[in-house]
Amino acid sequence: MCLENIEEMNEKLKKTILLADDDPDVIFQVKHHLERWGYEVVAVESREEAERYLEGACPDLAILDLMMEEEDSGFILSYRIKKCRPEVPVIISTAVAAERGITFDINSPGSISWIKADHYLEKGFRMEQLRMLVNLYLD
Amino acid sequence: MKTLSILVVDDEPGIRSGIKRILAGHRVSFPFMDDDYIFDCREAASGEEAMAMLEESPPEILLLDNKLPGMDGMEVLEIIRQRKMDIMVAMITSYASLEIAAKATGDGAWDFIPKPFTPAELKASIDLITKQYFLKKIRRTMKEEGKKIRYQFLSVLSHELKSPINALEGYLQMIKDRELGESLQEYDAVLDRSLQRVDGMRTLIMDLLDFTKIRLERKDERIEHVNLSERAQMALSTIKPLAIQRNISLRYTGEETYYNADPLDLDIMLNNLLSNAVKYSHEGGSVEVSIHQVDQGLEIRVEDSGIGMSEEEISQLFKEFVRIKNSRTKGIDGSGLGLSIVSKIAELYGGHIHVKSMPEKGSEFSVILPVS
């Protein structure tokens with residue numbers, strides 16, 4: 001097998017991450033790192049755009065900002081993903097919780113029943129933190 | 001229908017049962033209250049007995065005779081005051097002694113009922129106390145809501161400040177780790193974005209200062225006879241560089257108009273309205289400012305040929321930190337405070353702001369200021 005074919009195959013095997021965030025700087029930075037770690041990234045800036053993508057495709061992992069067009073865009077998207085593909089892991093990222101005194105704590109059994117997501121990531125996270133999390137779900 | 005509990009404290013059994021009988025069928029209803037109130041009376045024959053009942057289950061209203069065997073009414077009142085018990089007290093003074101009545105109302109009693117009283121007089125007193133009780137409840141809710149709003153404001157603010165800081169930190173980390181290679185040129189986009197975020201933060205802080213200036217009681221207010229047309233032209237020249245960049249034409253119409261106000265307030269309003277008009281216009285669009293006399297006073301109108309808004313978006317518009325997010329507003333920066341600042345200032349002068357808008361046609365913001 002020649003080198004080109006191997007690269008082509010690797011491209012095909014690359015796992016796809018849906019990244020939805022209305023902050024273009026978050027998109028730029030997170031996309032950059034995810035790609036460097038070898039993932040294919042579909043980046044969108046709104047729930048609407050994400051839903052259009054989800055109509056025809058399914059990512060291997062989704063990283064969703066909580067507040068986009070609505071205060072709970074991330075939850076809506078997560079719900080849509082889980083409804084048809086419950087095995088796709090979803091990470092919800094937000095800067096809202098801490099300041100508003102809302103603790104979602106997705107990892108507690110009480111919350112898991114209503115928040116249909118696998119992990120909750122507070123914004124301002126370090127990239128190593130994200131890498132560990134992505135590895136956990138995808139490798 | 002709601003029930004308020006009343007404790008009647010009097011050493012004369014006839015008075016206690018009389019009050020109970022009069023109030024048994026009494027109902028208080030005011031047009032401004034959602035509910036009617038009825039009453040449930042309990043009795044105590046002495047100050048000591050009253051204290052025991054107050055501790056066990058405090059009533060909303062206490063009808064308290066002053067002349068009691070043992071501990072007298074004034075002493076009971078004093079204890080209620082010291083313990084900050086939340087009870088509305090009306091003193092029953094056995095003879096219409098103004099001295100005791102004055103002392104009691106000074107010590108926290110709401111009302112006094114001179115003995116002997118007719119059923120109508122008793123009912124009138126109870127009506128008054130119920131009204132006060134209702135107002136007290138409203139005041140308490142208002143205070144709590146005020147706290148909630150302040151808390152919300154601060155929490156949203158810290159969120160709005162955190163996003164640019166996170167973005168900057170991320171970019172600095174990328175530069176530090178040479179994420180984009182060794183050549184400085186590769187970082188141009190990152191540096192541009194960082195500068196933009198710093199700019200955004202500055203705008204937010206400036207807007208916030210304007211906002212707190214409005215919120216706080218202002219002591220440095222200086223009202224002048226301001227040439228409004230001149231101010232409008234100044235605001236236009238401030239926004240001109242951005243308008244040129246986006247190829248938006250600016251126009252001013254209207255006669256020379258004067259208004260008595262703090263010139264700073266007028267500048268803040270004009271600058272906010274104009275920068276919105278330019279920001280939310282399509283390239284090549286137009287923005288027009290006009291100032292006219294109208295029936296109610298003076299109208300400052302800013303019209304643009306911009307992206308416009310739907311009815312639903314307009315209803316969200318004046319909330320603090322609300323920025324309309326949709327595909328048309330993508331890439332437009334702002335603090336989300338501008339319009340709430342404008343409407344607060346207008347209110348300060350007894351005026352108001354209203355909006356007409358059509359998606360993809362444009363918006364028209366009018367500030368109406370009454371002539372002082």
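Just so you know, these numbers come straight off a predicted model, no measurement behind them. Every chain is numbered from 1, with letters handed out A, B, ... down the list of sequences.
- The CG atom of A:Asp25 sits 10.0 Å away from the OG atom of B:Ser163 when rounded to the nearest 0.5 Å.
- Within 6.0 Å of NZ on B:Lys361 lie no more than 12 heavy atoms contributed by other residues, nucleotides or ligands.
- Taking a 6.0 Å sphere around CD of B:Glu283, one finds it holds more than 12 heavy atoms contributed by other residues, nucleotides or ligands.
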Mind running side-chain contact (heavy atoms from CB on, under 4.5 Å) on B:Gln173 and A:Gln29 for me, showing each step along the way?
CA-CA 10 Å; B:Gln173 198 63 49; A:Gln29 292 170 12; over 6 Å; no

Verify side-chain contact (heavy atoms from CB on, under 4.5 Å) between A:Phe28 and B:Val190, making sure each step is shown before the conclusion.
CA-CA 9 Å; A:Phe28 181 88; B:Val190 163; 3.6 Å; yes

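- Sparse packing is recorded around CE of B:Met206, with 12 or fewer heavy atoms of other residues, nucleotides or ligands lying under 6.0 Å away.
- Distance check: B:Lys162 NZ to A:Lys123 NZ gives 10.5 Å after rounding to the nearest 0.5 Å.
- Within 6.0 Å of atom CD in B:Gln185, 12 or fewer heavy atoms from other residues, nucleotides or ligands are found, so the atom counts as exposed in its surroundings.
- Look at B:Asp177 and A:Arg36 and you find no salt bridge, because none of the NZ, NE, NH1 or NH2 atoms lies under 4.0 Å from a carboxylate O.
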